[in-house]
Amino acid sequence: MIALPPAKGRSTVRDHSELGSLLTDWLPKQRWFAGKGRPGARLEIRQDVGVSDLLRHLVVEVRYDDGGPADNYQVPLVIRSDAPHGHTGFLLGEASSGLVYDGLHDPDGSAALLDFLAAQRGQDGLTGYAVTPLAELPAHSVGAEQSNTSIVYGEAYILKVFRRLWPGVNPDLEVTRALADAGSPHVARPLAWLEGRLSGPATETAATEDDAVAAEAAAAGIETVGGAPDGPTTFAFMQEYLRSGTEGWKLAQTSVRDLYAEGDLHADEVGGDFAGESERLGQATAEVHTLLARCFPTVPVERATLRATASQLHSRLDVALAGVPRLAPYEAGTRAAFEALAIEASAPPFQRVHGDLHLGQALRTDSGWVLFDFEGEPARPVPERRRLTSPLRDIAGMLRSFDYAAQSMLLERQGEEGLGRRAREWADRNRGAFLAGYQAGSGLDLAAFEVALRAFELDKAVYEVLYEARHRPTWIEIPLGAVRRLTSLRPPLATGSAAV
Ligand SMILES: Nc1ncnc2c1ncn2[C@@H]1O[C@H](COP(=O)(O)OP(=O)(O)O)[C@@H](O)[C@H]1O
Ligand SMILES: O=P(O)(O)O[C@H]1O[C@H](CO)[C@@H](O[C@H]2O[C@H](CO)[C@@H](O)[C@H](O)[C@H]2O)[C@H](O)[C@H]1O
């Protein structure tokens, strides 16, 4: 079944079964493919829009035998009758229409996308928007594939093409635009975006989830923001490329490496000490939160709010336990921390947040820290990612990231005496500096929120265990170690209750 009309002036329908077979082989191997481990994947091309003579923009729906929701992926393809000399595209295979390349790793494909945005063109429901004139610049894709595929144009623009599509405005676009319009120095300027529509059975499932999430949120007094289920969907987002930026993750790893190389010095004594940067990053995060609280609604935290949040964390744990049996020994301790959140925690007002903050989402530029990827956790439905929630979740994400930076270096140096202790020393020093910076920037006393912060840190570590099990199994010990450590701390509840 082919749901939407083919691109104009092109005989595409006849090649859909061939493209379908190529994609059936290629799609599951991609880092951003979310259906790994789900049985009986069946693929269907639901949209096929001609963006240029060479570039076809496909939306592919994948359904499974497990009765769970279908996924939609965006797959721009370049189809050539022959590959010019020196062409370096990524070949999926051959169809009767020609050689089929991944359009985002093909120079003509990336150029066609830029042109579509710059000209603010519209074609069969796909529309380009630009808030500034865009120059024609050569493209290259950003290193490794992550949750999405990014293309850099001439070190001036970076275009993130969202691979797994969720109906609605992507929070990355929505939040970054709001922060930029409000004058934040901590985001890269938005330049353009690509919008389309998702239709058909796959989005019906998502709309139902949307309703359920909204109902649960409303019951707890938590507002959801905007987002008609049949409204536009963000397909790609372009921002100013910050060429002076270095990722916090790389800087942190360099600092850890320096410490490990200095046999008898402490974290505050080595040249690569990162604590000053961690503190400034904490301050930048607080400033972003303060501005977000001005740009979007906020809601004061009552007991019912925290109870609803705790029940959401329990559900996330259920999913992780089903996927990773190794979490089972820590279930009781984790649930006890979530119960403490429900029963005795305090927390600052709920608001819009980053949603997946870690050292890999922050760039140190000449003028300070810039945060990016306000998309939230890529595996969650968009309505959930746009919900007002606790800013402590972002803090917890960054705290986890300091642990990751220290521990990931240990993976390469297993068995070296004393390094585990030094890893903790580095992580503790930088976690403390980040919290100090956040307190200075926000005026909040974070000690008052210790119980909530621990629950959110555990929730993040549980999420990471599932993430690593699916995408990077050799790293799973890092978050598992954190779950073990966080659940073995003094029970946060005076009653010591472990039940749900
Ligand atoms: N404005 C920017 N300037 C320079 N580099 C950027 C910018 N935004 C993102 N990047 C780089 O692009 C990479 C991918 O971006 P990200 O939004 O994290 O994509 P994903 O959702 O796939 O993880 C990041 O690792 C970061 O180094
Ligand atoms: O950046 P993404 O939106 O793709 O986020 C996902 O992938 C991240 C890994 O790249 C993952 O982050 C985890 O690993 C990081 C180191 O690589 C570490 O700094 C983070 O603390 C840790 O959570 C993120 O959770 C996932 O959503």
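Here the structure is a predicted model, which means the values were calculated and not measured. One-based numbering, in listed order, for ligands and for the atoms of each.
In this structure, a donor-acceptor pair under 3.5 Å is absent between the side chains of W475 and Q407. No side-chain donor-acceptor contact under 3.5 Å links R400 and H358. For the residue pair E287/H186, the side-chain donor-acceptor check at 3.5 Å is satisfied. Side-chain contact of Q74 with H57: a donor-acceptor pair under 3.5 Å is present, judged by distance alone.
Here the side chains of L117 and L194 are in contact, with some heavy-atom distance below 4.5 Å.
Residue-level proximity to ligand 2 for K460 is absent, since no heavy atom of it falls below 4.0 angstrom. Heavy atoms of N148 found under 4.0 angstrom from ligand 2: none, in either backbone or side chain. Residue L242 touches ligand 1 through backbone and side chain together, judged by heavy-atom distances below 4.0 Å.
Listed by atom number, the atoms of ligand 2 under 4.0 Å from Y463 heavy atoms are 25 (O), 26 (C), 27 (O). For ligand 2, the atoms sitting less than 4.0 Å from at least one non-hydrogen atom of S147 are 2 (P), 3 (O), 4 (O), numbered in the order shown with element in parentheses. Counting the atoms of ligand 1 from 1 in the order shown, those under 4.0 Å from a heavy atom of A188 are 1 (N). For ligand 1, the atoms closer than 4.0 angstrom to any heavy atom of E375 are 21 (O). In the vicinity of S401, heavy-atom distances shorter than 4.0 Å reach the ligand 2 atoms 18 (C), 19 (O), 20 (C), 21 (O).
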Exercise. side-chain contact (heavy atoms from CB on, under 4.5 Å) between Q30 and T149: does it pass, once the steps are laid out?
Worked result: CA-CA 11 Å; Q30 304 312 303; T149 302; over 6 Å; no
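Counting only heavy atoms of the protein, atom 10 (O) of ligand 2 lies nearest to R31 NH2, 3.9 Å. The single protein non-hydrogen atom nearest to atom 3 (O) of ligand 2 is D373 OD2, 3.2 Å, given as residue, atom name and distance. Looking only at heavy atoms of the protein, atom 7 (O) of ligand 2 is closest to Y467 OH, 2.9 Å.
At a 3.5 angstrom cut-off on N or O pairs, W475 does not count as close to ligand 2. Between D373 and ligand 1, a contact under 3.5 Å exists for at least one N or O pair. At a 3.5 angstrom cut-off on N or O pairs, D356 counts as close to ligand 2. Considering backbone and side-chain N/O of L363, none are found under 3.5 Å from N/O of ligand 1. Between E464 and ligand 2, at least one N/O pair is under 3.5 Å apart.
The nearest non-hydrogen atom to atom 5 (N) of ligand 1, considering only W32, Y241, F237, Y157, comes from Y241. The residue among Q361, R472, R400 with a heavy atom at the shortest distance from atom 13 (C) of ligand 2 is R472. Remark: among candidates H358, R380, E247, E375, the nearest residue to atom 8 (C) of ligand 2 is H358, based on non-hydrogen atoms. For the residues W249, F372, F162, the heavy atom positioned nearest atom 18 (O) of ligand 1 is part of F372. Of the listed options R189, Q361, E155, E247, E247 places a heavy atom closest to atom 24 (C) of ligand 1. Nearest-residue assignment for atom 1 (N) of ligand 1 (options E240, K160, Q239; heavy-atom criterion): E240.
Using a 4.0 angstrom heavy-atom cutoff, P378 counts as in contact with ligand 2. Under a 4.0 angstrom heavy-atom cut-off, E377 registers as lying outside contact with ligand 2. In this structure, S147 is part of the shell of residues with a heavy atom less than 4.0 angstrom from ligand 1.
When all heavy atoms of R197 and G231 are compared, the closest pair comes out as NH1-C, 3.5 Å. Smallest separation of non-hydrogen atoms from F116 and G128: CE2-N, 3.7 Å.
Evaluated for a side chain to side chain donor-acceptor pair (under 3.5 Å) with D172, the options R385, Q239, K160 yield exactly one hit, K160. Paired with D394 under the rule side chain to side chain donor-acceptor pair (under 3.5 Å), one option of H289, Q361, H354 passes, and it is H289.
Ion pairing between a basic and an acidic side chain is recognised when a charged N comes within 4.0 Å of a carboxylate O; R454 and E457 show no such pairing. Electrostatic pairing of D459 and R393 counts as a salt bridge here, judged by a charged N lying under 4.0 Å from a carboxylate O.
Aromatic rings from W32 and Y73 are positioned such that their centres are separated by under 6.0 Å.
Relative ring orientation between W369 and F274 is described as perpendicular, the plane-to-plane angle rising above 60° on a 0-90° scale split at 30° and 60°.
Panel note: side chain E277, backbone G248; no donor-acceptor pair is recorded below 3.5 Å.
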